[in-house]
2 protein chains.
Amino acid sequence: MQRDEDVERCGFLHLHKDTLARVMAQLPADEELYDLAELFKVFGDSTRIKILYALFESELCVCDIAQLLNLTQTAVSHQLRVLKGSKLVKFRREGKTVFYSLDDDHVRSIIGQGMEHLNE
Amino acid sequence: MQRDEDVERCGFLHLHKDTLARVMAQLPADEELYDLAELFKVFGDSTRIKILYALFESELCVCDIAQLLNLTQTAVSHQLRVLKGSKLVKFRREGKTVFYSLDDDHVRSIIGQGMEHLNE
DNA sequence: ATAACATCTGAATAGATGTTCATATATTAT
DNA sequence: ATAATATATGAACATCTATTCAGATGTTAT
């Protein structure tokens with residue numbers, strides 16, 4: 001991934017200096033780009049997408065999610081942990097059961113935009 | 001991932017029938033959800049995110065992208081292939097060089113929404 | 001035709017990821 | 001305290017994925 005000057009490559013032949021400046025100016029810091037990729041990685045699993053979609057309509061407990069989507073309780077629990085870590089879902093406890101719900105409207109808009117892209 | 005009735009679980013204790021109906025009605029087909037996850041998987045890699053971001057300002061050739069982002073030409077080429085496969089970038093050939101550009105405004109909005117979510 | 005250049009492709013490898021199994025924790029009822 | 005229930009967690013395993021290396025393809029100039 002890291003590179004130095006030990007390999008022959010073309011120069012910035014096709015890129016004007018001012019364009020280069022604009023591209024570089026737009027480019028966020030490496031860490032921010034990394035975090036962004038980490039966020040999308042969370043959306044990049046069908047189990048998690050299913051869970052998020054199920055939560056569109058109503059808060060749900062772990063067990064209901066598992067039955068609804070035909071998944072094991074353990075798998076759901078693991079994935080909810082990931083979704084929680086990215087602040088995409090929040091939860092509240094009520095006795096033995098834990099209810100999860102969407103934490104953020106960005107979830108809807110991101111998924112919505114993704115769906116739009118697919119249906120083109 | 002697949003389950004049957006051989007394991008003890010809670011019933012739909014917390015979910016009213018009409019809510020269940022709404023949740024199920026909202027839920028897209030499995031294949032669609034799978035495709036959506038595949039799409040986000042593409043966004044879920046920092047190299048690809050960098051490439052997409054670089055293309056926000058201007059079309060770029062493979063070699064310029066590689067130098068700009070300090071990546072090998074091969075790695076960039078492989079990732080452009082993936083981006084092309086998801087219709088996120090398009091390209092045009094000009095002599096020896098190939099210029100890539102964003103294929104879709106959804107790229108901007110999806111990345112934008114992701115960034116917004118991070119900065120909360 | 002040959003050389004030089006830009007890009008692409010396939011195989012191999014190392015690292016990341018999701019599920020399962022077994023078990024632990026937490027809450028409620030008896 | 002004990003049992004029952006809902007959820008969470010850790011380790012192990014199999015699968016997927018991104019990069020690198022070596023070589024192929026396509027284009028232009030000589």
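Each chain gets a letter, A, B and so on, in the order its sequence line appears, and its residues count up from 1. Atom set for the values below is all heavy atoms of this structure, side chains included, hydrogens, waters and symmetry mates excluded.
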Next on the checklist: Within the 4.0 Å heavy-atom criterion, would you say B:Tyr100 contacts the bases, only the backbone, or no part of the nucleic acid?
Outcome noted: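 Sugar-phosphate contact only.
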Checklist entry - Quick one: ring pair (Phe, Tyr, Trp, His ring centres under 6.0 Å) partners of A:Phe91, sequence neighbours excluded? => result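 Expected list: A:Tyr100.
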Checklist entry - Does A:Leu27 share a hydrophobic cluster with B:Ile49, counting links as ILVMFWY side-chain heavy atoms below 4.5 Å and allowing steps through other members? => result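 Same cluster.
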Using atom names, set out every protein N or O paired with an N or O of nucleotides 9-12 of chain C below 3.5 Å, distance rounded to 0.1 Å.
{"from": "C:dG10", "atom 1": "O6", "to": "B:His78", "atom 2": "NE2", "distance (Å)": "2.9"}

Checklist entry - What pairs with A:His106 under side-chain hydrogen bond (donor to acceptor under 3.5 Å, both in side chains), at least two apart in sequence or on another chain? => result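 Scan of A:His106 (side-chain hydrogen bond (donor to acceptor under 3.5 Å, both in side chains), adjacent residues dropped) gives A:Asp104, B:Glu116, B:Glu120.
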Checklist entry - Which residue lies toward the 5' end of DNA chain C, A:Ala75 or B:Leu80, if each is placed at its nearest nucleotide? => result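 Mapping each residue to its closest nucleotide by heavy atoms, the 5'-most match is B:Leu80.
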Checklist entry - Taking for each residue the nucleotide of DNA chain C bearing the nearest heavy atom, is the 5' side occupied by A:Gly44 or by A:Lys96? => result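 Final value for this comparison: A:Gly44.
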Checklist entry - Is the shortest heavy-atom distance from the side chain of B:Leu88 to the side chain of B:Val82 under 4.5 Å? => result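 With C-beta onward as the side chain, the pair stays apart.
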In whole angstroms, how far is the [atom2] atom of [N] from the [atom1] atom of [X]?
X: B:Ile51; N: D:dT19; atom1: CD1; atom2: C1'; result: 13 Å
X: A:Leu83; N: D:dA8; atom1: CG; atom2: P; result: 12 Å
X: A:Arg48; N: C:dT19; atom1: CZ; atom2: C1'; result: 12 Å
X: A:Lys41; N: C:dG18; atom1: NZ; atom2: C1'; result: 14 Å
X: A:Ile49; N: C:dT17; atom1: CD1; atom2: C1'; result: 16 Å

Checklist entry - Should the ring pair A:Tyr53 and A:Phe56 be called parallel, tilted or perpendicular, given that the plane angle runs from 0 to 90° and is split at 30 and 60? => result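 It falls in the parallel class, under 30°.
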Checklist entry - OP1 or OP2 of D:dA6 less than 4.0 angstrom from a side-chain nitrogen or oxygen of A:Arg93, does that happen here? => result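 Result: no.
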Item to check | Distance below 4.0 Å between B:Gln79 side-chain N/O and D:dT17 OP1 or OP2 | outcome: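 No, because none of the side-chain N or O atoms of B:Gln79 sits under 4.0 Å from OP1 or OP2 of D:dT17.
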Item to check | Inter-residue atom distance A:Cys61.SG - A:Gln67.CD, 0.5 Å rounding | outcome: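 Reported to 0.5 Å precision, the distance equals 8.5 Å.
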